[in-house]
Amino acid sequence: MKRRWRHVRAGAWLRASAHDPCFAVLRQGACLRLTRRQSLAMIAGSACVPMSMAIAQGPGTVPIEVKAIPLAAFEPRNPDRRKFGQLTWRSGLQLSADQKRFGGFSGLWRSGDGRQLVTVTDQGWWLTANVETKAGRLQGLSQATMAPVLGQTRPLHQSRSYDTEGLTIVDGVAYLCVERAHEIWRFDWAKDGVMARGRSLPVPSELKKLPSNRSLEAIGIAPAGSPVAGAIVTIAERSGDTEEPTLGAIIGGPKPGLFTVRRHNGYDITDLAFLPGGDMLLLERWYRPLLGVGMRIRRVVAARLLPGAVVDGPTLIEADL
């Protein structure tokens, strides 16, 4: 049975280097729901869209108040530490809301200017909000609303496609991957925002054979610097045994096909994001009942993401509770 938590601990801005864009990360905390298949650590992409897109409202949207407590440190026992692996801690938030749909966030996107946030729960609900900052540090969320993710005829949470996971928004189009149904959905976000009705896209037959609870977790659109520019890239959480590479797919673009991601030390894929030059960031996590949870971010060089490849890359950060 699933349990919903209404609190989110967000370990947020980390910088890969002076030459890389900032990307947002939600960090697992003791207040989160801890399941084997899901982490609330998410990488947010950085494609730019008009400010109005992320706060579009309509019938079915529910305004909510999100309470935020700023986090002073990424490692509470060492509050002055700012460098973690190749990343630099910037700021973070612990979020809560008195709304039964709040929590279980599985995909997250921020606008290129950092001012808008869109996230989706694993039960098929959107959360949109403005991101408030002060002196470059996260302060909270304002004008937050929740709304059901809409399919062609009914909300996804009322269908077999309820288990929404990865999210990306590029060029005004939102893409969601759905784990248990092995699906990818497309939404005209720039036009309709949360009122957009999605349509399911064709996917390779191999994806339909994935384990129902180890299926599509990560999704992104390869940027111009990638050899598969313009393609949808999606990766399964874990398609085989513990240390077997997990399956990924390149859908559309100049070089469609399948690839795999090498796995290490029991980590599962939980999301991805692309840097402007085409390199791919992989967010991973492990969960063990007696040990807790851990997260890791790896970087895959753009040139290696091709059909038939087994991709791997260096670790940028690794952390636990």
Side-chain angles (χ1 to χ4, degrees), residues 2-10 12 24 26 28-29 31-33 35 38-42 44-45 49-69 93-111 114-132 138-169 172-179 185-198 219 271:
K2 290 191 174 183
R3 293 178 295 170
R4 292 193 182 95
W5 295 77
R6 300 182 189 179
H7 301 273
V8 174
R9 188 176 181 85
L26 291 185
Q28 303 173 84
C31 55
L32 298 184
R33 182 182 66 186
T35 67
Q38 189 127 30
S39 153
L40 297 189
M42 285 292 120
V49 295
M51 290 175 56
S52 60
M53 289 170 43
I55 55 174
Q57 300 184 27
T61 61
V62 179
I64 66 171
E65 180 184 359
V66 179
K67 298 178 181 178
I69 300 175
L93 297 172
Q94 179 170 299
L95 306 174
S96 63
D98 188 18
Q99 220 292 336
K100 67 179 182 179
R101 302 291 185 180
F102 188 87
F105 297 108
S106 52
L108 184 150
W109 170 92
R110 284 181 69 189
S111 59
R115 297 174 66 181
Q116 270 72 49
L117 175 145
V118 181
T119 183
V120 66
T121 77
D122 59 7
Q123 293 293 304
W125 286 75
W126 300 111
L127 169 70
T128 65
N130 292 334
V131 180
E132 303 297 333
L138 297 170
Q139 297 297 303
L141 303 182
S142 64
Q143 294 185 282
T145 61
M146 297 196 73
V149 179
L150 301 178
Q152 286 293 296
T153 60
R154 56 181 171 170
L156 293 193
H157 73 268
Q158 297 177 0
S159 73
R160 65 185 296 271
S161 302
Y162 70 91
D163 195 6
T164 44
E165 296 291 347
L167 164 68
T168 189
I169 302 177
V173 178
Y175 298 88
L176 286 177
C177 56
V178 181
E179 184 173 31
W185 285 73
R186 182 189 188 280
F187 300 82
D188 290 329
W189 189 263
K191 179 182 177 183
D192 297 316
V194 297
M195 300 310 297
R197 290 195 171 272
I219 192 168
D271 214 335

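Note that the structure is a prediction, hence the values are computed from the model and not measured.
- What you find for His157 and Pro148 is that their closest heavy atoms are CE1-CB, 3.8 Å.
- Here the CD-CZ distance, from Gln123 to Phe105, works out to 12.0 Å after rounding to the nearest 0.5 Å.
- Closest non-hydrogen pair, Thr145 versus Pro63, comes out as CG2-CA, 4.0 Å.
- The nearest pair of heavy atoms linking Arg101 to Thr121 is O-CG2, 3.8 Å.
- For the atom pair CG of Asp271 and CG of Leu167, the computed distance is 8.0 Å after rounding to the nearest 0.5 Å.
- Residues Val131 and Gly114 approach most closely at CB-O, 3.4 Å, considering heavy atoms.
- When all heavy atoms of Ala174 and Trp126 are compared, the pair lying nearest together is CB-CH2, 4.5 Å.
- Put simply, the side chain of Gln152 gets close to the backbone of Gly198: a donor and an acceptor are under 3.5 Å apart.
- One distance of note links CG of Leu95 with NZ of Lys67; it measures 12.5 Å at 0.5 Å rounding.
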*Please walk me through it: do Val178 and Glu165 pass side chain to side chain contact (heavy atoms under 4.5 Å, CB included)?*
CA-CA 6 Å; Val178 181; Glu165 296 291 347; over 6 Å; no
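- Between Leu141 and Glu132, the closest side-chain pair of non-hydrogen atoms is not below 4.5 Å.
- For the pair Thr119 (side chain) and Gly107 (backbone), a donor-acceptor distance under 3.5 Å is present.
- Rounding to the nearest 0.5 Å places CG of Leu176 at 10.5 Å from OG of Ser161.
- Judged by distance alone, the side chain of Thr164 and the main-chain N or O of Trp125 form no donor-acceptor pair under 3.5 Å.
- From Glu65, atom CD reaches atom OG of Ser96 across 9.0 Å, with rounding to the nearest 0.5 Å.
- Annotation: the span from Met195 atom CE to Asp188 atom CG amounts to 13.5 Å, rounded to 0.5 Å.
- Nearest approach of Ile219 to Gly166, heavy atoms of both residues: CG2-C, 3.5 Å.
- Arg186 places no side-chain N or O within donor-acceptor distance of the main-chain N or O of Tyr175, the cut-off being under 3.5 Å.
- Aromatic rings from Trp109 and Trp189 are positioned such that their centres are separated by 6.0 Å or more.
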